[in-house]
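Below, all heavy atoms of this structure are taken into account, side chains as well, without hydrogens, waters or symmetry copies. Chain identifiers are assigned alphabetically (A, B, ...) following the order of the sequence lines, protein sequences preceding nucleic acid strands; residue numbering begins at 1 within each chain.
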There are 2 protein chains.
Amino acid sequence: MKLTIKDIARMAEVSITTVSMILNNKDENISPSTREKVLRIVKESNYIPNTMARSLVTRQTKTIGLIIPDIANPFFPELARGAEDKASEAGYGIIFCNTDDDIEKEEKYINMLAEKMVDGIVFAHSAKRTGDLASYDRGNIPIVLIDRDMESENVKGKVLVNNLEGAYQGVKHLLDRGYRRIVFITGALTSTTAMGRLAGYQKALQEYNIAYDERYIKAGQYKSEWGIEAAKQLLREGIAFDAVFCGNDLIAISVIKTLKDSGFSIPEDIGVVGFDDIQMASMVEPELTTVKQPNYEMGYKAVELLIEVLEKHGTQEEQRKIILDTELMVRKSS
Amino acid sequence: MKLTIKDIARMAEVSITTVSMILNNKDENISPSTREKVLRIVKESNYIPNTMARSLVTRQTKTIGLIIPDIANPFFPELARGAEDKASEAGYGIIFCNTDDDIEKEEKYINMLAEKMVDGIVFAHSAKRTGDLASYDRGNIPIVLIDRDMESENVKGKVLVNNLEGAYQGVKHLLDRGYRRIVFITGALTSTTAMGRLAGYQKALQEYNIAYDERYIKAGQYKSEWGIEAAKQLLREGIAFDAVFCGNDLIAISVIKTLKDSGFSIPEDIGVVGFDDIQMASMVEPELTTVKQPNYEMGYKAVELLIEVLEKHGTQEEQRKIILDTELMVRKSS
DNA sequence: ATGAAAGCGCTAACAT
DNA sequence: ATGTTAGCGCTTTCAT
């Protein structure tokens, strides 16, 4: 038996306005006795306000969308958790969507979120896509991007990672340990992440006066399969190398595996450094040295930024950009 | 500039009723020419219906809640993905919530979901809780439970895993390989999962005429830390054992690590079998033999079941129960 | 085949 | 300090 605000008003013998005001803490002008009475009845009767009706008039749903490629990809659960934690703190709910980095699905989801009238969207991708996306403008929903550099009217903020600096640290570490012929296996160079990391790789090499050699760059995808394939290619091509810097941990882990299967010792023969610091990184043998991305924080900050934008109704600020630092986790593979 | 159904009606020179009917495929009585015209205008003008308004009258939001302990726990991303895939197929959105298995948070979220008027809730837990939960009845939302055995008016279905059979297979496998003194390290025995697995463990032992010895049972939590702790206890107590069957993979992986650090070879000295088959299981050294839970399927089936219940308005069926089978993944640790 | 109108439950401007 | 009332955008019953 569903109660409405009307029922509460009747039971408390006041008008629905009064009830509404009390429920929304707009009760400067309500007498304490009335407030108490109403509150008591609300509690006793187990009344649940209908957000639909409220949203219809207030034009906000206290819900935000989270679009990611795939929650089952070990990179995203932490990020999602960070996002949800902040949202929950602020009284928002999160609708999550998996796009598999597929443009059609992205459009479909943006549409769905627009229909559900989410107040804003946090958009994270893994790689791949580069161009602009018209559907961003669907329904004019404020958007905060994670790790994706892209312009649109509705993009109100970005949360990025300092890929250049992170990669620089990782490669420099390898160099410091004495490795000299360092291969870079990474995802597609169309992605801003891969490009940033490549720049960091180059910077470190330069600092050590080591010539940049294109044959040492293997760009494919941010996937285990690519790590295996790239390592095999390297071995087949007979390129001399003593270390591998990987675009992410999935690649690094499969590279280690492939190399070990071929009889190499890690880190004695070949040093390996990854990027991300997924949970697995500290569980493999040898434990993986890697550049840690602050995933939880990225999700958390993105939602924080979004909510700030949402609730700062008046001021039409500049687009905000947050750049997070990475951290080198030195373990056993280097 | 937001368009409403009224704008479309005006532009098409028809009534809003007509537009509404066409949009909802209740167009038996609409002339094809009108339909086409309206559809064209809808498309051209980029009209997005306001779900809030619709939900207010239809009493359904096409949104369901997913409550889990922690998306960052490797058990849940796959499950969440399965749930979201099915939901998306059926035109539903998913709001996800992390409770950390904390009762207060659960209540808070159930409340939030009730306010947001989700059509139903899928509820998965990890362990721990046993008693009933009054707030389940908040807002009378249909619930489907995953892996949790609990009664309530609103629980319309359950998706369970055959824990007994799974554990039986795992332990029998160890026995078949010649191991005889098998320790069982698992989560709290208050959880139905741990109890089911214990029963399976006992059944296998019995079949091999091996006496059940309580000192071989270590019940703590489904966490890495407990795996380390339990393995150390075992070593300290000087109990003779040649195999460990673990309540989940997190425990198994940390047990392997602890044992290896103490100089044991896996699987030569000690065989280890886990439960779950999380991604990490096939990446550790040695690769973990484990009982695979169909996580993706659990999420998928749960949402499927829930939607079936939601859309079968009339018939007040029995509570439905789906029991999924596990699969033994034989790898290198046994 | 189409339209008029009531009403879903709530907020907010305006009265009193 | 409290109440009246007009919508928010849509679906649905009942007319025509």
Handout entry: Global bending angle along the helix from C/dA1-D/dT16 to C/dT16-D/dA1, which compares the axes of five pairs at either end, to 10 degrees
Key = 40°
Handout entry: Listed once per pair and sorted, the salt bridge (Lys or Arg N to Asp or Glu O under 4.0 Å) pairs that draw on residues 111-123 of chain B, sequence neighbours left out
Key = none
Problem - Phosphate OP1/OP2 of D/dG9: any B/Y47 side-chain N/O under 4.0 Å - result: no
Fill in the blank from the handout: Residue set satisfying side-chain contact (heavy atoms from CB on, under 4.5 Å) with A/M11, at least two apart, ordered chain then number -> A/I41, A/S45
Problem - Spacing of B/L56 atom CG relative to D/dT12 atom C1', expressed in whole Å - result: 13 Å
Exercise for the section: Report yes if a side-chain nitrogen or oxygen of B/N24 is closer than 4.0 Å to either non-bridging phosphate oxygen (OP1 or OP2) of D/dT11; otherwise report no. Expected result: yes
Practice task
Find the distance A/M117:CE to D/dC10:C1' and express it as a whole number of Å.
Solution key: 11 Å
Practice task
Please list all pairs passing the salt bridge (Lys or Arg N to Asp or Glu O under 4.0 Å) test where one or both residues lie in residues 53-65 of chain B, with sequence neighbours left out.
Solution key: B/K62-B/E311
Exercise for the section: Provide the start and end nucleotides, 5' to 3', of the part of DNA chain C that has atoms under 4.0 Å from heavy atoms of chain A. Expected result: C/dG9 to C/dA13
Problem - Contact under 4.0 Å: A/R59 side-chain N or O vs D/dG9 OP1/OP2 - result: yes
Exercise for the section: Indicate, with a heavy-atom threshold strictly under 4.0 Å, whether B/T34 touches base, sugar-phosphate, or nothing. Expected result: sugar-phosphate
Handout entry: Nearest-angstrom distance from the residue atom CE of A/M52 to C1' of D/dG9
Key = 13 Å
Practice task
Name the nucleic acid region contacted by A/T51, choosing base, sugar-phosphate or nothing; use a 4.0 angstrom heavy-atom cut-off, strictly under.
Solution key: nothing
Exercise for the section: May I ask you to say what B/S20 touches in the nucleic acid, namely base, sugar-phosphate or nothing, with a heavy-atom cut-off under 4.0 Å? Expected result: base
Completion exercise
Those residues at least two apart in sequence (or on a different chain) that pass side-chain contact (heavy atoms from CB on, under 4.5 Å) with B/E89 are B/K86, B/Y300
Might you list the N or O atoms of the protein lying below 3.5 Å from N or O atoms in nucleotides 3-7 of chain D, with each pair's distance?
residue: D/dG3; atom: OP2; partner: A/S15; partner atom: N; Å: 2.6
residue: D/dG3; atom: OP2; partner: A/S15; partner atom: OG; Å: 3.2
residue: D/dG3; atom: OP2; partner: A/T18; partner atom: OG1; Å: 2.9
residue: D/dT4; atom: O4; partner: A/T17; partner atom: OG1; Å: 2.5

Practice task
Quickly, which of B/D100, B/T99, B/N98 forms a side-chain hydrogen bond (donor to acceptor under 3.5 Å, both in side chains) with B/K105? Name it, please.
Solution key: B/D100
Handout entry: salt bridge (Lys or Arg N to Asp or Glu O under 4.0 Å) partners for B/D85, two or more places apart
Key = B/R81
Handout entry: Residue list, side-chain contact (heavy atoms from CB on, under 4.5 Å) with B/K6, at least two apart or on another chain
Key = B/T4, B/I16
Completion exercise
Contacts of A/K321 meeting salt bridge (Lys or Arg N to Asp or Glu O under 4.0 Å) (sequence neighbours excluded), chain-then-number -> none
Handout entry: Contacts of type salt bridge (Lys or Arg N to Asp or Glu O under 4.0 Å), residue B/E44, not counting sequence neighbours
Key = B/R40
Practice task
Using only heavy-atom distances, determine whether the side chains of B/S31 and B/T34 contain a donor-acceptor pair under 3.5 Å.
Solution key: yes
Practice task
Output yes when at least one side-chain N/O atom of B/T58 is less than 4.0 Å from OP1 or OP2 of D/dT11, else no.
Solution key: no
Exercise for the section: Take A/A53 and B/L23, find for each the nucleotide of DNA chain D with the closest heavy atom, and name the residue whose nucleotide sits nearer the 5' end. Expected result: A/A53
Problem - Non-neighbouring partners of A/A302 that pass side-chain contact (heavy atoms from CB on, under 4.5 Å), sequence neighbours left out - result: A/V122, A/V144, A/I146, A/V159
